[in-house]
Amino acid sequence: MKKLSEKLFEIEQLVHAIIEQGNDPLYTVIDQGKGVVRVTPTPLTKRLSSTVKNYLYPLLNQFPIHEFNPYINAFFRSVINTNVMESIEQQASLNKRHNRYQTDGDYPVMQELMTRMHACVDQIRAETKSAAFRTIIYNANRLSKKNQDGMMHYIDSLFDHYSKLIVVRIDLGYQKGNHIINQADIPKKYWQARSHFKHFLNNTRRNSLFEHLVGNIWSFEYGPEKGFHYHLILFFDGSKVRQDVILARMVGDYWVKCIVGSQGRIWNCNANKDTYPDCGIGLIHFSDTEKREHLNQAAAYLIKIDHYVRMLTPGDGRTFGRGEILPPKTGNIGRPRSK
DNA sequence: GGCTCTCGAGTCTAGTCTGT
DNA sequence: ACAGACTAGACTCGAGAGCC
């Protein structure tokens, strides 16, 4: 099963290929005589066709309240406008094991598919060529980069202040079945999640469990099964606390027992950190460049998803946040760093 | 005493405007 | 096309009041 980000990345790459391969004929048609026509799709067409078949409805159903990355938006809009899916299904129902069609039989079905495929590809190329589209892309990339730079700067500022950090990665959400069933559910569940998280973050400021919490990064998402949920990275002063797995469990318990109640549910990434090949959580020393790089990647992933698919929040609220960048350290209290 | 809630100032996100 | 400047509104965080 492919990750969501991989599927969306694939679609964006496909749109780039459609733009770059402007001379691709999509199909080669050879008249073999006696009313038989041989139709061979190009690799680009095969790729487009399988993407539409495998990703169109699953992704649209999975993200009822989202706006996709402009490239992915152009893809979905063009596919829907030109009704390509219908033609793909009709062609598939012919159960062809070869590429030969009878001009007085099944060829019109294939012709209709070719027409719609060309219309779809033309629409994608026309849309992505416009000045308005390029401005949207430029601004989206700029914002994404700005957020990423800010976040890296933020993590660096934490390591400048604390020689080691306990990094806790936890998802705060709800029991299965909390997904959106109808339109009326959207504002209700959205505000419920927002209010719970606000309550949680507010309480981290005085609750003794969070006494040594020094920073956080969060992103707000919607999943088809989990409903609204938060991805959270917490930074604790590594010289004051230890045992990240237990700490993560206590934070999770706090979310369930004190904030949400029996409907709450968490995913403790620290408890499963051994299963991650590039582990950037747990105890990280400022001089451990490898772990810090993995941490940066884990943090960047939160922004990456947002880059592909942005949630349309009813209240215009944020979907990403972090603590404030710490000012540079003044004075030279403590043992100087050796590395 | 420990925790939650509220307030206000400052910071950050997300987006637009404008000049080069 | 690109990047700096600017803005509105959401969010963070320190401080203090109030509750149990």
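Letters A, B, ... mirror the listed sequences (proteins, then strands); counts begin at 1.
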Practice task
Using only side-chain N and O atoms of A/Tyr154, determine if any of them is under 4.0 Å from OP1 or OP2 of C/dT12.
Solution key: no
Handout entry: Separation of atom CD in A/Glu211 from atom P in B/dG2, rounded to whole Å
Key = 10 Å
Exercise for the section: Could you state the atom-to-atom distance from CD1 of A/Ile217 to P of C/dT12 in whole Å? Expected result: 12 Å
Problem - side-chain hydrogen bond (donor to acceptor under 3.5 Å, both in side chains) partners of A/Asn270, counting only residues at least two apart - result: A/Asp244
Exercise for the section: Summarise protein proximity over nucleotides 1-7 of chain C in one line of letters, 5' to 3': B for base, S for sugar-phosphate only, - for none, counting protein heavy atoms closer than 4.0 Å. Expected result: SSBBB--
Problem - Integer-rounded Å distance: C/dA10 P and A/Trp191 CH2 - result: 7 Å
Practice task
Please name all residues satisfying side-chain contact (heavy atoms from CB on, under 4.5 Å) with A/His229, sequence neighbours left out, ordered by chain then number.
Solution key: A/Glu221, A/Lys226, A/His231
Handout entry: Minimum-distance nucleotide to A/Ser208 side chain [options: B/dC5, C/dC11, B/dC3]
Key = B/dC3
Exercise for the section: Round to the nearest Å and state the distance from A/Phe220 atom CZ to B/dA14 atom P. Expected result: 13 Å
Problem - Step-by-step salt bridge (Lys or Arg N to Asp or Glu O under 4.0 Å) determination, A/Arg249 to A/Asp253 - result: CA-CA 6 Å; A/Arg249 194 196 307 148; A/Asp253 284 348; 5.9 Å; no
Can you pull every protein N or O that's under 3.5 Å from an N or O on nucleotides 8-12 of chain B?
unit_1	atom_1	unit_2	atom_2	d
B/dT11	O4'	A/Glu324	OE2	3.3
B/dC12	OP1	A/Ile325	N	3.3
B/dC12	O2	A/Arg318	NH2	2.8

Handout entry: Short side-chain N/O contact from A/Trp218 to OP1 or OP2 of C/dT12, under 4.0 Å
Key = yes
Exercise for the section: Could you list the residues that satisfy side-chain hydrogen bond (donor to acceptor under 3.5 Å, both in side chains) with A/Lys96, not counting sequence neighbours? Expected result: A/Asp106
Problem - A/Ile259 CD1 to B/dC3 C1', straight-line distance once rounded to whole Å - result: 11 Å
Problem - Steps toward side-chain contact (heavy atoms from CB on, under 4.5 Å) verdict (A/Thr82, A/Gln123) - result: CA-CA 9 Å; A/Thr82 56; A/Gln123 192 185 320; 3.9 Å; yes
Exercise for the section: Please determine if a side-chain N or O atom of A/Asn202 lies less than 4.0 Å away from the OP1 or OP2 oxygen of B/dT4. Expected result: no
Practice task
Taking only the side-chain nitrogens and oxygens of A/His199, find out if one of them lies under 4.0 Å from OP1 or OP2 of B/dT4.
Solution key: no
Exercise for the section: Give one of base, sugar-phosphate or nothing for A/Phe200, where a contact means two heavy atoms less than 4.0 Å apart. Expected result: nothing
Handout entry: Sequence-distant partners of A/Asn296, side-chain contact (heavy atoms from CB on, under 4.5 Å), two or more places apart
Key = A/Met152, A/Ile155, A/Glu293
Fill in the blank from the handout: Separation between CD1 (A/Ile217) and CG (A/Leu158), nearest 0.5 Å, reads 7.5 Å
Practice task
Taking the six-membered ring for Trp and the full ring for Phe, Tyr or His, determine whether the centres of A/Tyr174 and A/Phe228 are under 6.0 Å apart.
Solution key: no
Exercise for the section: Taking the six-membered ring for Trp and the full ring for Phe, Tyr or His, determine whether the centres of A/Phe235 and A/Tyr162 are under 6.0 Å apart. Expected result: no
Practice task
Report the distance from atom CG of A/Asn216 to atom P of C/dC11, rounded to the nearest whole Å.
Solution key: 13 Å
Problem - Under 4.0 angstrom between A/Asn203 side-chain N/O and B/dT4 OP1 or OP2 - result: yes
Problem - Salt bridge A/Asp288-A/Arg292, side-chain N to carboxylate O under 4.0 Å - result: no
Practice task
Measure the distance from NZ on A/Lys198 to C1' on C/dT12 and round it to the nearest whole Å.
Solution key: 11 Å
Problem - Value in whole Å for how far the C1' atom of B/dC5 lies from CG of A/Leu201 - result: 15 Å
Handout entry: Shortest non-hydrogen contact between A/Arg194 and A/Phe220, atoms and distance
Key = CG-CE2, 4.0 Å
Practice task
Verify the contact: side-chain N or O of A/Thr204 to OP1 or OP2 of C/dC13, cut-off strictly under 4.0 Å; return yes or no.
Solution key: no
Using atom types as modelled, flag every donor-acceptor pair under 3.5 Å from a side chain in residues 19-30 of chain A to any protein atom, sequence neighbours excluded.
unit_1	atom_1	unit_2	atom_2	d
A/Asp24	OD1	A/Leu26	N	2.8
A/Asp24	OD1	A/Thr42	OG1	2.8
A/Thr28	OG1	A/Thr40	O	3.4

Handout entry: Degree of bending, the helix from B/dG1-C/dC20 to B/dT20-C/dA1 (end axes from five pairs; round to 10°)
Key = 10°
Exercise for the section: Identify, with sequence neighbours excluded, every residue that meets side-chain hydrogen bond (donor to acceptor under 3.5 Å, both in side chains) alongside A/His199. Expected result: A/Asn203
Handout entry: Any residue meeting side-chain hydrogen bond (donor to acceptor under 3.5 Å, both in side chains) with A/Asn54, in chain and number order, not counting sequence neighbours
Key = none
For nucleotides 16-20 of chain C, which of its nitrogen or oxygen atoms have a protein nitrogen or oxygen under 3.5 Å away, and what is each distance?
unit_1	atom_1	unit_2	atom_2	d
C/dG16	N7	A/Arg206	NH2	3.4
C/dG16	O6	A/Arg206	NH1	3.4

Practice task
Name all residues meeting the ring-ring contact (aromatic ring centres under 6.0 Å, His included) criterion together with A/Tyr154; count only those two or more places apart in sequence or in a different chain, and write none if there are none.
Solution key: none
